[in-house]
Amino acid sequence: MKKPDGKVVLLGDMNVGKTSLLHRYMERRFQDTVSTVGGAFYLKQWGPYNISIWDTAGREQFHGLGSMYCRGAAAVILTYDVNSLQSLAELEDRFLALTDSASADCIFAIVGNKVDLSDDCASPHDENRPEKAVAGSSSKVQKQVRLEDAIALYKKILKYKMLDEKDVPAAEKMCFETSAKTGYKVDYLFETVFDMVVPIIVRQKAEGPSQTVDITDYKPAKRTKSGCCA
Ligand SMILES: Nc1nc2c(ncn2[C@@H]2O[C@H](COP(=O)(O)OP(=O)(O)OP(=O)(O)O)[C@@H](O)[C@H]2O)c(=O)[nH]1
Ligand SMILES: [Mg+2]
């Protein structure tokens, strides 16, 4: 297996759609998922670099593993469900502290998933596959979390990390709304993050191998054809 040059980690409460986002991006489809046990990763070639993308379990019982997965991470994607205010609150209450082990210059993205379920999502169609318009908008519910709430959380994260807004990407750029189901903004999310982690990978490589953690801590139970371990 190729050695990862850098690491991106998905964190967030159970059921927000972390695994579905990763499947949508890597396998180009939305499929049934089972709640993640422990963690799993994919390798993505991005230019000359291999980026490992870690999917973690949101279930409380696996919480202790979170900081191990975050160790040395170049980016953390904090994921919530736009239809659950609680899932946004959990990011601050339960998941943010896990990122203490990430790289000092780690990039943070905040992602509100499942916009297809609400009636005020930014765009009702599938950006990647415009022919697949989301049907049945009458059955949609009012979105519970506004993008402004995510932006406010991003600003709190900067305070927590003692970072100056001037030195990091703007909140508006790092708060995304997606649908793993339709594919809406999923490529945009991952590719924006990958572009941003390249300079971090370059720095980590220049500083030596100890900064780029990785999967040696993790003993996958089984390996699938796609290279994803579960
Ligand atoms: N409508 C809709 N459902 C989604 C979307 N993303 C995920 N789901 C559904 O939400 C449920 C949970 O998705 P997962 O991807 O397993 O969630 P997870 O965050 O990985 O959950 P854990 O592994 O338990 O932490 C599944 O039934 C998915 O089909 C989405 O964008 N829209
Ligand atoms: Mg999962």
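For ligands, and for the atoms within them, numbers begin at 1 and follow the listed sequence. Positions are given from 1, in the same order as the sequence printed here.
For atom 16 (O) of ligand 1, the nearest non-hydrogen atom of the protein is T33 OG1, 2.7 Å. Protein heavy atom nearest atom 15 (O) of ligand 1, with residue, atom name and distance: S20 OG, 2.6 Å. Of the protein's heavy atoms, K18 NZ, 2.7 Å lies nearest to atom 19 (O) of ligand 1. Of the protein's non-hydrogen atoms, N113 ND2, 3.1 Å is the one closest to atom 6 (N) of ligand 1. Nearest non-hydrogen protein atom to atom 31 (O) of ligand 1 is A180 N, 2.8 Å. The nearest protein atom to atom 24 (O) of ligand 1, hydrogens excluded, is given as S35 OG, 2.5 Å; this is a heavy-atom distance. Regarding atom 11 (C) of ligand 1, its nearest protein heavy-atom neighbour is N15 OD1, 3.2 Å. The closest protein non-hydrogen atom to atom 8 (N) of ligand 1 is K114 CE, 3.6 Å.
By the 30° and 60° cut-offs, the orientation of the rings of H23 relative to Y42 is perpendicular.
Between the side chain of S87 and the backbone N or O of S84, at least one donor-acceptor pair lies under 3.5 Å. Using modelled atom types, one side-chain atom of R94 and one backbone atom of G58 make a donor-acceptor pair closer than 3.5 Å. Here the side chain of K205 pairs no donor or acceptor atom with the backbone of G6 at under 3.5 angstrom. A donor-acceptor distance shorter than 3.5 angstrom exists from the side chain of T56 to the backbone of L10, with no hydrogens or angles considered. Although no hydrogens or angles enter the test, the distance criterion places no donor-acceptor pair under 3.5 Å between the side chain of N113 and the main chain of T79. A donor-acceptor distance shorter than 3.5 angstrom exists from the side chain of Q204 to the backbone of G72, with no hydrogens or angles considered.
When K185, K143, K114 are each tested for a salt bridge (charged side-chain N to carboxylate O under 4.0 Å, His left out) with E177, only one passes: K143.
Listed by number with element, the atoms of ligand 1 under 4.0 Å from a non-hydrogen atom of A57 are 25 (O). Near D116, the atoms of ligand 1 lying under 4.0 angstrom from a non-hydrogen atom of the residue are 1 (N), 2 (C), 30 (C), 31 (O), 32 (N). Heavy-atom proximity to M14, at under 4.0 Å, picks out these atoms of ligand 1: 21 (O), 22 (P), 24 (O), 25 (O). Using a 4.0 Å cut-off to heavy atoms of T36, the atoms of ligand 1 that qualify are 22 (P), 23 (O), 24 (O).
Residue contacts with ligand 1 leave out G12, since none of its heavy atoms falls under 4.0 Å from the ligand. For the pair D13 and ligand 1, a heavy-atom separation below 4.0 Å is found.
Taking any N or O of V34, backbone or side chain, none lies under 3.5 Å from an N or O belonging to ligand 1. Any N or O atom pair closer than 3.5 Å counts here, and G17 shares at least one such pair with ligand 1. Between D55 and ligand 1, no N or O atom pair is found at a separation short of 3.5 Å. In terms of polar-atom proximity, V16 is counted as a contact of ligand 1, with an N or O under 3.5 Å from an N or O of the ligand. Considering backbone and side-chain atoms alike, F30 places every N or O at 3.5 Å or more from each N or O of ligand 1. Considering backbone and side-chain atoms together, R59 places no N or O closer than 3.5 Å to any N or O of ligand 1. Below 3.5 Å of separation, one finds no N or O of T178 facing any N or O of ligand 1.
Proximity of I157 to L96: side-chain heavy atoms (C-beta onward) are separated by under 4.5 Å at one or more points. Considering only heavy atoms from C-beta on, L98 comes within 4.5 Å of F95 through its side chain. By the 4.5 Å heavy-atom criterion applied to side chains, S103 and R203 are counted as neighbours.
For residue T19, an N/O/S atom approaches the Mg ion (ligand 2) to within less than 2.8 Å. The Mg ion (ligand 2) has an N, O or S atom of T36 inside 2.8 Å of it.
Within the 4.0 Å heavy-atom criterion, the part of L117 lying near ligand 1 is the side chain and not the backbone.
Side-chain N/O atoms of T19 and T33 include no donor and acceptor closer than 3.5 Å. No side-chain donor from either of Y154 and E172 sits under 3.5 Å from a side-chain acceptor of the other. No side-chain donor from either of T178 and R24 sits under 3.5 Å from a side-chain acceptor of the other. A donor-acceptor contact closer than 3.5 angstrom is absent between the side chains of Y160 and E92.
Closer than 4.0 Å to atom 27 (O) of ligand 1 lies none of the heavy atoms of the protein.
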